[in-house]
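All ligand and atom numbering here is 1-based and tracks the order in the structure. Side chains included, hydrogens not; waters and symmetry mates left out as well; all remaining heavy atoms used.
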Amino acid sequence: MKARIGLEIHVQLSEAGTKLFCNCDSEYRRYRPNENVCPVCLGLPGALPVPGKRPVELALAAALALNCEPPRALVFTRKHYFYPDLPKNYQITQFEKVGGSPVCTGGYLDYLSPDDWEWRRVRIRRINLEEDPGRTSYEGSILSSRYAYVDYNRSGVPLLEIVTEPDLKSPRDARVMVEYLLLTLEYLGATNPRLEGVFRVDANVSLEGGERVEIKNIGSTLDVERALRYEINRQRLVLERGGKVERETRHWDAERGVTKPLRYKEEEEEYLYFPDPDLPPVLITRDLLEAAREKVAEWSPRRVYEEILGLGVKREVAWSITSVPAAARTYLAGVKSGGDPGILARIVGVDLKGELREQGRDPYNPGNWPEPGKLAELSRLVAKGEYTYDAVKGLVLPKLAANPEAPLEELLPEKVEDLEPLVEEVLKEEEKAVKDYLGGKKKALNYLVGAVMRKARKRALDPRRARELLLKRLEAMKTGA
Ligand code: ADP
Ligand code: MG
Ligand code: ZN
């Protein structure tokens, strides 16, 4: 049975700096409750909304990145409903009817599936720019709590609503697409996808011969996949038993891993939409559009990924770099300042990234990466054969991960210039291995190389040279005997 999946994705423009219509902070998580507020986002009488420049620029950049025809103007609409976390009793959003219009319609996104390295396309139906409401919370459950607490810190934070066509074919596809979309927005400097609650997904899914079901309130990309898996199985069982899948809205319960029916949903008519009389249309000027176009052209995951591939890097490593913008910026800047593209890719995309993870240091934080020039220098030392990659990986990268500011001179291990004394010592101490080798057991050579490496301790040594030297001496022993 084939599935069709369409998503509605809400993403906060957490990096905009300001809320959508006032100068409060778009990143509200660092405040105590009701500290990040003003008369506008509290909906006090007489306060007037003024569209922020950064939120508008970022929404426009997002529209272009999703290949939408840019709008001539942004038109805002009021959507009315009553809830304690919505102090004005209406949300300012965009709506194509009643004389309004969305940011844009009719785009698409090509996203990379790292499962099979194929590019797939999902059509974008529309994008809206709107305000996030505040938050209501309870002590424990809503039923047992003595109070409902409202916090308006989030009220008015710019939120993009991105609606796809039902082009996605599997739960995995849906997850991969959302991850790629978030990465695209992160590259634009629009959002930080790792902040708590920064995006929410509603997923619509239907099976051949059944109605579509909407699953509300999915909070992570992993849960996009889990919720859709569960829901597809549920619908399949209903159909196989000869039942009918009803058109309904269900709620994703992440803890139990199930979808459950929701009892009530407003119809669009009940929202009493009308254009906001406080907000004249925001004209999209040519300058605004040009700036957005340039940014989109330079910082898209696809552009970066293909540039890295073009440097001869394997796709797994190229994607590992691309999927962490701070790593990608470090890598590309490192190549520009003369780093060896292949060695630098291994450092940034594999071993230093792994080392950061292992030490619990966030690789998405640009401050945790060393200066690109320093890594470029390191890659050149390896390329010139001054140090082996293994020595850099084992002795330098762990220290660089712990302290990206540390100067290279202090980190580079002392080199063993004169290998011969070490080789002689090993030949003397490892009588058995030497005898084995001379008796025809070629594998004993590996053991001897290892013994030389251990003698070098924390100093850098080239295992190829150690092997050559050992071989020369052992062959001499053979012929000499
Ligand atoms: P509404 O206006 O009720 O929200 P829309 O027609 O705008 O409904 O669609 C909402 C979402 O449902 C979109 O993401 C769309 O891709 C998806 N969708 C529409 N039809 C189907 C379907 N048959 N199966 C799965 N998803 C669908
Ligand atoms: Mg909808
Ligand atoms: Zn405010």
Side-chain angles (χ1 to χ4, degrees), residues 1-10 16-28 31 34-44 46-52 54-55 66 79 86-88 92-97 102 105-109 121-128 130-134 151-158 160-171 173-174 177-178 181 200-216 218 224 227-228 231-232 235 239 245-250 259 262 265-271 273:
M1 248 178 283
K2 278 198 191 131
R4 296 177 73 196
I5 300 167
L7 304 177
E8 295 173 55
I9 304 145
H10 288 90
T18 70
K19 290 185 178 178
L20 186 47
F21 299 114
C22 63
N23 276 326
C24 294
D25 198 338
S26 58
E27 222 302 67
Y28 55 89
Y31 298 88
N34 296 305
E35 246 187 15
N36 182 38
V37 293
C38 74
V40 172
C41 56
L42 283 176
L44 299 187
L48 282 175
V50 178
R54 282 278 294 158
L66 300 182
K79 172 180 178 175
L86 191 72
K88 304 189 293 294
I92 306 177
T93 179
Q94 299 186 304
F95 191 54
E96 60 259 82
K97 296 168 199 157
T105 54
Y108 64 88
L109 177 67
R121 178 166 295 188
V122 61
R123 286 169 301 156
I124 304 295
R125 187 178 282 186
R126 65 158 204 276
I127 306 177
N128 283 334
E130 60 190 30
E131 324 174 87
D132 215 354
D151 174 7
Y152 295 110
N153 282 351
R154 192 177 72 183
S155 169
V157 165
L160 283 185
E161 183 196 40
I162 298 164
V163 183
T164 78
E165 296 290 341
D167 292 342
L168 301 158
K169 295 185 178 63
S170 72
D173 240 16
M177 183 265 163
V178 174
L181 170 69
R200 282 160 295 193
V201 178
D202 299 338
N204 293 267
V205 54
S206 62
L207 293 184
E208 258 175 334
E211 285 283 349
R212 89 169 138 101
V213 169
E214 179 172 12
I215 315 165
K216 284 262 182 219
I218 307 173
V224 169
L228 284 167
E231 181 57 25
I232 287 173
Q235 292 183 18
L239 292 175
V245 175
E246 303 287 345
R247 169 85 180 259
E248 65 173 333
T249 302
R250 298 173 72 90
T259 63
L262 270 183
K265 195 195 173 205
E266 294 92 344
E267 299 292 324
E268 295 286 24
E269 302 85 73
E270 295 173 29
Y271 286 127
Y273 284 100

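- Ion pairing between K19 and E131 fails under the 4.0 Å rule for side-chain N and carboxylate O.
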Kindly determine whether D173 and I5 satisfy side chain to side chain contact (heavy atoms under 4.5 Å, CB included), including the steps that lead there. CA-CA 9 Å; D173 240 16; I5 300 167; over 6 Å; no

Can L20 and I92 be said to form a side chain to side chain contact (heavy atoms under 4.5 Å, CB included), step by step? CA-CA 10 Å; L20 186 47; I92 306 177; 5.9 Å; no

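- The contact set between ligand 1 and R125, taken as ligand atoms under 4.0 Å from a residue heavy atom, comprises 5 (P), 6 (O), 7 (O), 9 (O), 15 (C).
- Each of the following atoms of ligand 1 lies closer than 4.0 Å to a heavy atom of E8: 4 (O), 10 (C), 11 (C).
- Taking all atoms of both residues into account, the shortest heavy-atom contact from S26 to G17 is OG-N, 2.8 Å.
- Those atoms of ligand 1 that come under 4.0 Å of a heavy atom in R4, given as number and element, are 23 (N), 24 (N), 25 (C).
- Contacts between V163 and ligand 1 below 4.0 angstrom, taking non-hydrogen atoms only, involve the side chain exclusively.
- For the Zn ion (ligand 3), protein N/O/S neighbours under 2.8 Å (waters excluded) are C22 SG, C24 SG, C38 SG, C41 SG.
- Around atom CG of N23, no more than 12 heavy atoms belonging to other residues, nucleotides or ligands sit under 6.0 Å away.
- Short contacts between ligand 1 and S206, defined as distances under 4.0 Å to a heavy atom of the residue, involve ligand atoms 22 (C), 23 (N), 24 (N), 25 (C).
- Looking at N153, its side chain does come within 3.5 Å of a backbone N or O of N36 through a donor-acceptor pair.
- Of all non-hydrogen atoms in I124 and L109, the two that sit nearest each other are CG1-N, 4.2 Å.
- The closest side-chain heavy-atom distance from E8 to E214 is below 4.5 Å.
- Under 4.0 Å from ligand 1, the heavy atoms of R212 that appear belong solely to its side chain.
- When all heavy atoms of V205 and E231 are compared, the closest pair comes out as CG1-CG, 3.6 Å.
- Taking every non-hydrogen atom of L7 and a distance limit under 4.0 Å, the qualifying atoms of ligand 1 come out as 14 (O).
- When only interatomic distances are considered, the shortest N/O to N/O separation between V205 and ligand 1 does not fall below 3.5 Å.
- At a threshold of 4.5 Å between non-hydrogen side-chain atoms, the residues R126 and E161 count as touching.
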